[in-house]
Amino acid sequence: MGFLKWLAKIDRRIIFLVLALVVLVPLLVKIPIPPKVSEPVENAYRAIDTLRPGSVVVLSVDYDATSAPECQPMMEAIAEHAFRRGLKIILLGHLVTGLPLGQIAIEEAAARHGKTYGTDYVNLGYRPNPITVIVGIGREIRDFYGADYQGVPVDSFPMMRDVHNYDDIAALVSFAHGTMVEIWIEYAWGRFGEQIIGGVTGVVAPNLYPYLQSKQLVGLLGGLKGASEYESLLERPGLGSKGMPAQTTAHLLIILFILVGTVADFIVDVYTRRKK
Amino acid sequence: MTFGTLLGIWIAATLTIAIFSFLYRDNPLYKFAEHLYVGVSAAYWVVTTAKFTMQDMLVDVFITNWKAYQSTGSSTAFWEAMILIIPTILGIMMLTRWFGPKVNWISRWPIAFTVGLGAGLGITGAIQGFLLPQVQATLLPIWEPGISAAAPISGPQILIIVSNIVLIVGVIGTLIFFYFSRPHTGILGVGSRSGIVFIMIGFGAAFGYTVMARISLLIGRLDFLVNTWIGGTIRFIQDLVR
């Protein structure tokens, strides 16, 4: 009984330490766990894969460093896929502190595929008030993005000459840790029928399933798992694939903690009542 | 890897460890890292917002259009420059709220403008992009047409029907749970209790995803410490020795 009482009042720092070890070991020792690709991720992959080469996709950086471990692998995977398929990328974002992360991901993918700035991808930077920007793009993208993030006029970029509004944008992917995917859906899909894919943190993903059911979202990458599934479809492992074994061991540990804690608490409770 | 990159990695690793030290207990190192993060983020926000908003959307656009008007006499360029005076004035009016009760009422006008704009956009967006498509997606058939003795129901059809029924019952039950005008007894009580079950399942799914999200953050940081920081330093020293 003493052990069970100790378990019920265990120092939380011991739990932190055990969790850190359980996450660390699979990062050092490779444990092969092949991911099973879910339907929302497969749909997202297919939506990008079936676009005609030369089509324009918008990648919206709606996350920052606080959720980079989840969103950055998705961003890297989709940028890689887009360049493999010969698509043109417009990078923009509604979180000013996150835009450099998007730029890093795109520049790395562009270097691998020999893509050049202005011809194959542009970074239009940040503009305030996302709703007015999203609605404004439906009329003319130059109303809000007359110049790129360095102040160079967009008309000087070959890939931007024929891009005016959502009619010229084949798909839009929002990488978000907040409600930005819902805002894109409400305005870009609701008013202009734009094809939208969500790449979101695990916290946000459950809120977006109703949009998949209503077909307002074409596909969804939820958390690190979504990123690892996309990487497996691309056959190019990244942080998503590397992190999933650690995710598995950590989940098993948490399930074990919940079971042990609940059973121990129940036994202690029954024992205390009988003693009275 | 350059020395500058390595230095950046070391600073990031030191700050990560400083933040993690809070897991043991609160300490000055953690406080320093926390304040540094808030300060740097705020400064970055101010500078980039000023650049992308004030300079790119106001100053640069005004100067470009004004120059175009002066060189070509284009009335379009003239009005595109002049129209920017309205948001400039509204922005200045917003700042009056800092200057005491005699003038701070002026800030209510631009606030009214933004509230009106936000409400207009919000309502249309919510109805057009959320409410109507979601209601439409809930209007599902609970029977497959064409099923007869000659063409009996198949396994996938049964799954679709069951799935549609679960969805409809879940939506109605949840809506009843949030219907507060009458006591939840009788039919309302049954609906409300079924609603709670669906809400609890929803919470469970959300909690599961949240656990995954938090573990992902830990994975990201530990991967940085192990592979980028320690691994990167070893690789840098190896390159130096070669």
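First the proteins, then the strands, lettered A, B, ... as listed; each starts at 1. Given the structure is predicted, the values throughout are model-derived calculations rather than measurements.
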At a 4.5 Å cut-off on heavy atoms, which part of [X] comes close to chain A: side chain, backbone, both, or neither?
| X | answer |
| --- | --- |
| B:D60 | neither |
| B:Y37 | side chain |
| B:L139 | neither |
| B:L225 | neither |

Can you see whether [X] engages [Y] through a side-chain donor-acceptor pair at a distance of less than 3.5 angstrom?
| X | Y | answer |
| --- | --- | --- |
| B:Q136 | A:S214 | no |
| A:Y63 | A:Q72 | yes |
| A:R191 | B:T124 | yes |
| A:Q213 | B:Q134 | no |

Relative to chain A, which of [options] shows the most heavy atom pairs under 4.5 Å?
| options | answer |
| --- | --- |
| B:I215, B:V61, B:L167, B:D56 | B:I215 |
| B:A137, B:S41, B:G202 | B:A137 |
| B:V226, B:T53, B:L121 | B:L121 |

A:Y145 portion near chain B, given a 4.5 angstrom heavy-atom threshold: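 Answer is neither: A:Y145 stays 4.5 Å or more from chain B.
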Do A:L208 and A:E182 have side chains that get closer than 4.5 Å, going by heavy atoms?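 They are in contact (side-chain heavy atoms under 4.5 Å apart), so the answer is yes.
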